[in-house]
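The block underneath contains the structure these notes are about, expressed in structure tokens.
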Amino acid sequence: MENIENAPFLREMVDTASNLYRLGWDERNGGNISYLLSEAEVADYLDVNHVLRRIPMDFDGSALAGKYFLVTGSGKYFKNVAKAPAENLGLIRIAAAGDGVEILWGYSDGGVPTSELPSHLMSHIARLSVNPKNRVVMHCHATHLLAMTFTHDLDERAFTRTLWQMCTECLVVFPDGVGVVPWLIPGTNEIGMATSDKMKETRLVVWPHHGIYGAGETMDETFGLIETAEKAAQVYTIVCAQGPIRQTISDRQLAELGESFGVEPKAGYLDLVRED
Ligand code: 2HA
Ligand code: ZN
């Protein structure tokens with residue numbers, strides 16, 4: 001068996017956790033990532049028939065039965081992932097009955113998967129139903145997006161439009177906009193259901209006064225998605241600090257941008273009639 005700590009998927013996870021920490025978006029035990037892997041990918045590094053521990057789950061994960069995920073650990077600090085991957089990460093498989101997880105590697109000090117496992121697994125189910133290539137769900141406490149949830153209207157259309165207007169590339173990167181859930185207790189099935197419900201329509205979901213969820217096909221692309229929205233939120237913060245907005249990207253320009261890049265802005269989010 002090859003050393004799993006050299007596996008490309010593990011290196012990606014370590015690098016991403018380190019970057020999220022370095023950017024200040026995952027203080028203390030903030031943030032969590034789950035990465036869907038194929039059996040063929042993991043079989044070079046571990047015996048898939050050797051289950052180390054089993055942990056029950058109180059929601060129905062049967063849509064993901066038998067699937068493998070690399071997942072950050074509950075209570076673990078992203079700051080420490082690079083120096084101790086086996087303690088801070090774990091490789092799990094969803095039990096055949098969908099009522100628990102089987103730990104195959106990691107969580108070496110007796111740990112368990114992230115407390116946000118319901119939101120992650122439910123979001124994977126939602127994203128896989130619209131894009132079978134979806135593999136990554138990522139949660140972090142992106143600073144400016146989090147701050148915006150105190151000062152900006154939480155209406156999804158309004159929130160999305162502001163982000164689209166702040167950087168030209170936003171509409172191209174997230175034409176489906178961002179979803180916003182109500183404030184809910186983290187770690188619960190309830191916030192998992194609310195998040196995954198939004199994930200059927202958009203790959204970015206804001207948790208007011210807490211952080212953001214992103215989903216995508218690859219680690220890089222998912223990180224880039226959050227990074228782009230966070231950059232727009234940072235620009236918004238600076239713009240607001242500078243004073244009243246004198247000009248912005250018009251809805252007509254946003255529509256032309258979408259056409260030029262072959263993406264469809266979420267229906268109803270642009271006010272074209274009023275501008276014409
Ligand atoms: O895992 O970020 O939302 C720590 C968190 C909870
Ligand atoms: Zn969080």
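Both ligands and their constituent atoms are indexed starting at 1 by order of listing. Numbers here are sequence positions counted from 1. It should be emphasised that the depicted structure is a prediction, and the values quoted were computed from it without experimental measurement.
The nearest heavy-atom contact from the protein to atom 4 (C) of ligand 1 is Asn29 O, 3.0 Å. Looking only at heavy atoms of the protein, atom 3 (O) of ligand 1 is closest to Glu116 OE2, 2.5 Å.
With ring centers used as reference points, Phe69 lies 6.0 Å or more from His120. Separation of the Phe9 and Tyr68 ring centroids does not fall under the 6.0 Å cut-off. Under the 6.0 Å cut-off for aromatic ring centres, His152 and Phe159 qualify, their centroids lying closer than that.
His210 has its closest N, O or S atom to the Zn ion (ligand 2) at the position named NE2.
Taking only nitrogen or oxygen atoms, main chain and side chain alike, Gly31 reaches within less than 3.5 Å of ligand 1. Between Thr114 and ligand 1, no N or O atom pair is found at a separation short of 3.5 Å. At least one N/O-N/O distance between Asn32 and ligand 1 falls below 3.5 Å.
Cluster membership check: Val178 does not share its hydrophobic cluster with Val181, using side-chain heavy-atom separations under 4.5 Å among Ile, Leu, Val, Met, Phe, Trp and Tyr.
Within the 4.5 Å cutoff, no side-chain heavy atoms of Leu184 are placed close to those of Trp207.
Below 4.0 Å from some heavy atom of Gly30 lie the following atoms of ligand 1, by number and element: 2 (O), 4 (C). Every atom of ligand 1 is numbered from 1 in the order shown, and the set under 4.0 Å from a heavy atom of His139 is 2 (O), 3 (O).
By the neighbour-count criterion of 12 heavy atoms within 6.0 Å, atom CD of Glu256 is densely surrounded, having more than that number from other residues, nucleotides or ligands.
Exactly one of Val263, Thr160, Leu163, Ile249 qualifies for a side-chain contact (heavy atoms from CB on, under 4.5 Å) with Leu171. That residue is Val263.
Coordination check, His141 versus the Zn ion (ligand 2): passed, since an N/O/S atom of the residue sits under 2.8 Å.
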